[in-house]
Amino acid sequence: MAITKRLKRINELAAKAKKSELTADEKQEQQQLRKEYIASFRENLRQQIETTQLFNKKGKEITPDKVQRIQREKGWRKD
């Protein structure tokens, strides 16, 4: 399920939960959708961090060593 559809369904279930009780199946679906959404969010954030290079005002790279190592392992850096 696409992120936008997943988020829309999470919001639908949250709105329904405010108005009335969710069924056991809906509660389970809500938990699963939230779990999938969080996993997707974390993966996207991790990828953003791993592909980012930081430079100071003088133009010197200050990307943390751990991130540089990951970038080398994934073939995103040539140094």
Side-chain angles (χ1 to χ4, degrees):
M1 183 181 290
I3 292 175
T4 53
K5 288 182 180 181
R6 186 179 299 133
L7 190 55
K8 183 179 177 184
R9 182 62 179 150
I10 290 169
N11 290 334
E12 288 172 357
L13 290 170
K16 183 177 178 182
K18 287 181 180 181
K19 294 177 184 176
S20 63
E21 184 84 21
L22 294 177
T23 66
D25 288 340
E26 289 172 330
K27 286 180 184 180
Q28 185 178 3
E29 178 187 9
Q30 185 181 42
Q31 287 177 345
Q32 182 63 31
L33 288 170
R34 286 177 175 171
K35 184 178 178 181
E36 291 171 4
Y37 177 79
I38 290 170
S40 176
F41 180 87
R42 286 179 177 162
E43 180 59 34
N44 290 338
L45 181 59
R46 176 175 284 117
Q47 185 173 8
Q48 274 187 326
I49 291 170
E50 290 176 352
T51 58
T52 300
Q53 289 181 301
L54 304 174
F55 295 88
N56 65 14
K57 291 180 182 180
K58 295 180 181 178
K60 181 182 177 195
E61 185 176 11
I62 56 171
T63 306
D65 292 336
K66 181 178 180 180
V67 176
Q68 287 184 25
R69 181 179 44 78
I70 291 168
Q71 290 171 347
R72 283 185 198 100
E73 289 171 0
K74 295 193 176 189
W76 297 330
R77 293 183 73 96
K78 301 297 180 203
D79 58 2

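Everything numeric in this text was worked out from a predicted model, so none of it was measured. Any value given below was found using the heavy atoms of this structure, including those in side chains, with hydrogens, waters and symmetry copies removed.
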Visitor: If you measure from CD on Q30 to CG on L22, what distance do you get to the nearest 0.5 Å?
Guide: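 Taking CD in Q30 and CG in L22, the distance rounds to 5.5 Å.
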Visitor: Applying side chain to side chain contact (heavy atoms under 4.5 Å, CB included), can you list everything that pairs with R69, at least two apart in sequence or on another chain?
Guide: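 Checked R69 against side chain to side chain contact (heavy atoms under 4.5 Å, CB included); matches are K66, E73.
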Visitor: Identify, with sequence neighbours excluded, every residue that meets side chain to side chain contact (heavy atoms under 4.5 Å, CB included) alongside N11.
Guide: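 In terms of side chain to side chain contact (heavy atoms under 4.5 Å, CB included), with neighbours along the sequence ignored, N11 is linked to L7.
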Visitor: State the CZ-OG1 distance between R6 and T4, to the nearest 0.5 angstrom.
Guide: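 R6 atom CZ to T4 atom OG1 measures 9.5 Å (nearest 0.5 Å).
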Visitor: Any chance you could measure Q68, atom CD, to Q53, atom CD, to the nearest 0.5 Å?
Guide: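 One gets 8.0 Å once the value is rounded to the nearest 0.5 Å.
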Visitor: Flag the pair Q28 / T23 as yes when at least one side-chain heavy-atom distance between them is below 4.5 Å, and no otherwise.
Guide: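 SC-SC contact between Q28 and T23 ruled out.
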Visitor: Any salt bridge (charged side-chain N to carboxylate O under 4.0 Å, His left out) pairs touching residues 13-23, not counting sequence neighbours?
Guide: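 Residue pairs passing salt bridge (charged side-chain N to carboxylate O under 4.0 Å, His left out), neighbours aside: K16-E26, E21-K27.
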Visitor: For L13 versus L33, what's the shortest heavy-atom pair and its separation?
Guide: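 Heavy-atom minimum between the residues: CD1-CD1, 4.1 Å.
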Visitor: Please say yes or no: joined through hydrophobic side-chain contacts below 4.5 Å, possibly via intermediate residues, are F55 and V67 part of one cluster?
Guide: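 The answer is no; the residues belong to distinct hydrophobic clusters.
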Visitor: Would you say the side chain of Q31 lies within less than 4.5 Å of the side chain of R34, judging by non-hydrogen atoms?
Guide: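 No - every pair of side-chain heavy atoms lies 4.5 Å or more apart.
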Visitor: If the condition is side chain to side chain contact (heavy atoms under 4.5 Å, CB included), which residues does I62 pass it with, not counting sequence neighbours?
Guide: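 For I62 the side chain to side chain contact (heavy atoms under 4.5 Å, CB included) partners, ignoring immediate neighbours, are L54, N56.
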Visitor: Distance from I10 atom CD1 to K5 atom NZ, nearest 0.5 Å?
Guide: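 Reported to 0.5 Å precision, the distance equals 14.5 Å.
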Visitor: Go through the structure and list residues passing side chain to side chain contact (heavy atoms under 4.5 Å, CB included) with E50, not counting sequence neighbours.
Guide: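 With sequence neighbours excluded, E50 shows a side chain to side chain contact (heavy atoms under 4.5 Å, CB included) to R46, I70, K74, W76, given in chain and number order.
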Visitor: With sequence neighbours excluded, give me every salt bridge (charged side-chain N to carboxylate O under 4.0 Å, His left out) pair touching residues 51-63.
Guide: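 As it turns out, the salt bridge (charged side-chain N to carboxylate O under 4.0 Å, His left out) pairs with a partner in residues 51-63, which skip direct neighbours, are E61-R77.
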